**Q** 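Just dropping this structure here.
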Amino acid sequence: MFTETDLEVMQSIISRYPRSRSAIMPLLHYVQSKAGYVTNEGIELISELLTIETAEVSAVATFYTQYKRKPVGEYHVGVCTNTLCAVMGGDAILEVLKSHLGIENDGVTSDGKVSLEHIECNAACDYAPVVMANWEFYDNQTVQSAKDLVDGMRKGKPTPPTRGPDSLPTWKENSAVLAGLNDGRANEGIQAGEPTLLGLVIAQSKKGGKKK
Amino acid sequence: MTELTPVLSAHWDEKDSFTIEAYKRHDGYKAAKKALAMDPDELIQIVKDSGLRGRGGAGFPTGMKWGFIPQGDNKDHYLVVNADESEPGTCKDMPLLLANPHVLVEGVIIASYAIRAKHAFIYIRGEVTHVVRRLNQAIEDAYKAGYLGKNIFGSGQDLDLVLHVGAGAYICGEETALLDSLEGFRGQPRLRPPFPAIAGLYARPTVVNNVESIASVPAIILKGAQWFQSMGTEKSKGQTLYSLSGHVANPGQFEAPLGITLREILELSGGMRAGHTLKFWTPGGSSTPIFTDEHLDTPLDYEGVAAAGSMLGTKALQIFDETTCIVRAVLRWTEFYKHESCGKCTPCREGTWWLVQILRDLENGQGTEEDLAKLLDLCDNILGRSFCALGDGATSPITSSIKYFRDEYIAHITTGGCPFDPVASTLFETAAK
């Protein structure tokens with residue numbers, strides 16, 4: 001599964017840190033970028049690279065919800081159901097997506113395209129209700145826009161994120177970004193959505209129009 | 001009327017605001033260059049004089065925190081930026097980093113030099129891929145420009161900056177849990193003392209600061225402590241980001257001097273959503289006791305909010321109107337704390353579990369009045385008896401909501417169910433009108 005090139009990348013991740021054990025989290029993200037989830041093989045490899053017990057790697061992998069111990073979809077959809085998003089529509093979106101996809105929370109569609117999870121606050125409350133796909137922002141969602149999003153995923157053409165790259169990367173591609181690898185897409189997408197700019201725009205209008 | 005004061009957000013409207021070129025167009029990295037020609041102690045003094053206090057929730061004076069690092073101890077020192085923004089309602093640091101990651105990098109350069117650190121880390125939550133991309137690119141570009149690495153600005157100073165991506169654990173926003181996580185362990189809080197200033201990352205002297213705190217430093221260095229002091233109130237100096245969300249006409253980020261009120265922010269932004277009235281709100285995330293329409297004129301600074309019985313926290317103003325069921329809202333927050341409890345200490349691990357059971361019964365109309373007393377008793381046994389602030393925070397929505405909305409809890413008991421229609425609270429309802 002893991003090639004010589006993978007091992008080189010993993011060594012370079014370890015070399016970022018003053019102490020090797022600190023690399024365990026990016027290494028787990030990297031394993032997910034190759035295998036799709038944290039496989040036993042991945043755990044054994046990390047344990048060898050860091051010279052710690054496999055149980056210690058498992059202990060870390062099972063503590064953090066972003067590390068998956070079974071395969072997720074090519075597109076992993078998270079619906080925020082923390083209080084504010086839930087009240088403003090997140091609960092309704094999650095219910096509709098479950099029945100629309102015919103899966104439960106933490107389920108994967110039979111074609112392996114889409115998995116679904118209810119998530120906690122994702123720091124985008126001024127864009128509620130929020131849906132994340134492969135941890136990219138989909139702001140101001142409705143039941144219909146969320147259905148359209150997952151339909152597009154199953155056809156291989158998902159709607160692009162609202163504040164993110166020009167097209168939605170796969171779960172594995174984004175896991176590599178979370179491992180700290182540069183995919184060269186930082187300049188894609190907008191710098192800010194309307195709510196982010198609201199205070200600035202109001203301040204500018206009070207001062208008599210936009211600055212030059 | 002308090003005026004808005006965009007400083008951090010001043011150039012977010014430029015399409016390329018996140019690039020190094022855009023940042024340099026607006027004096028980017030001039031503060032770092034200036035700082036590295038100064039004495040580190042002088043920098044600490046400027047930040048102390050400015051009155052800057054931690055923007056991550058606790059409000060501890062930033063310059064004082066830097067001053068706690070022992071000097072001349074021949075040990076490695078570390079700066080760790082807490083970018084784990086996860087407190088429900090909090091949404092300021094992520095848009096800041098998406099629009100201008102370089103201001104954080106520049107702040108890191110200055111702060112590291114001040115505390116004599118040659119190694120700095122940014123611990124960012126893992127569920128924000130595009131923010132990670134932007135920050136990673138910014139760090140790469142800063143290295144290429146010679147602002148990071150060896151002999152930065154030709155000053156003889158070295159600094160390495162590592163971006164560390166989390167993996168979905170709210171508890172890692174707690175500074176000692178964050179350090180354990182960064183060392184490669186499960187993110188669980190540590191017993192204090194020793195405090196991170198003495199034994200932090202790898203048991204070395206470490207400063208942990210919030211994104212907004214560090215991002216506020218370059219402007220203070222360029223414009224001076226007096227300039228920063230001129231904004232805000234007596235003990236809460238400077239400008240800050242307020243995040244307005246929920247049942248309002250226009251949600252968003254507002255940068256204003258500390259001490260602005262919710263009434264003023266609502267007047268500026270267009271008020272509540274049409275046809276609805278304010279019922280309850282959080283001043284600084286779900287861990288801060290809720291407020292009601294009685295508190296519209298409470299100055300949103302550290303002292304004003306505390307005097308009114310809550311905490312300024314992260315200035316996450318989550319607004320709920322009269323369509324929202326308080327029991328449903330509090331139950332959902334409590335489910336969050338139960339899910340995120342790290343399991344280290346018994347009051348939080350077991351207590352949050354029982355809080356959820358009782359609140360579920362109440363929301364479903366199967367509770368009793370004794371349950372309300374039991375909730376308060378449980379909260380009393382969690383607050384102040386948990387290992388870290390997560391347990392304390394879990395009790396805030398419960399005790400404050402029972403204080404202001406006991407009648408609504410009782411109504412669930414007497415009518416045998418929830419008297420609210422959840423559809424009326426959704427944004428889709430707003431769109432249909």
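Both backbone and side-chain heavy atoms feed into the values below; hydrogens, waters and symmetry mates do not. Residue numbers begin at 1 in each chain, while the letters A, B, ... track the order of the sequences. Model, not experiment: these values are computed from the prediction.
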**Q** Taking the six-membered ring for Trp, are A:Tyr64 and A:Tyr67 parallel (under 30°), tilted (30 to 60°) or perpendicular (over 60°)?
**A** perpendicular
**Q** If we define contacts as heavy-atom pairs under 4.5 Å, which of B:Ser269, B:Ser181, B:Cys325, B:Pro101 has the most with chain A?
**A** B:Ser181
**Q** Verify the ring-centre separation between A:Phe137 and A:Tyr127: is it less than 6.0 angstrom?
**A** no
**Q** Looking at every heavy atom in both A:Asp139 and A:Thr162, which two are closest together, and how far apart are they?
**A** N-OG1, 2.8 Å
**Q** Can you name the closest pair of heavy atoms from A:Leu168 and A:Glu136 and give their distance?
**A** CD1-CG, 3.7 Å
**Q** If you tally heavy-atom pairs under 4.5 Å against chain A, which of B:Cys342, B:Pro397, B:Ser245 wins?
**A** B:Ser245
**Q** Count the heavy-atom pairs under 4.5 Å between each of B:Ala99, B:Ser86, B:Ser9, B:Gly187 and chain A, then report the option with the highest count.
**A** B:Gly187
**Q** Could you tell me whether B:Arg133 and A:Glu188 make a salt bridge, using a distance below 4.0 angstrom between a side-chain N and a carboxylate O?
**A** no
**Q** So B:Phe320 and B:Phe280, would you call those rings parallel, tilted or perpendicular, with 30° and 60° as cut-offs?
**A** parallel
**Q** What option among B:Lys92, B:Glu255, B:Arg328 has the most heavy-atom pairs under 4.5 Å with chain A?
**A** B:Arg328
**Q** Select, from B:Trp333, B:Phe121, B:Tyr170, B:Tyr242, the one with the greatest count of heavy-atom pairs under 4.5 Å involving chain A.
**A** B:Trp333
**Q** Could you have a look at B:Gln318, B:Arg125, B:Glu85 and say which one has the most heavy-atom pairs with chain A under 4.5 angstrom?
**A** B:Arg125
**Q** Check each atom of A:Pro169 against the heavy atoms of chain B and say whether the ones under 4.5 Å are side chain, backbone, both or neither.
**A** side chain
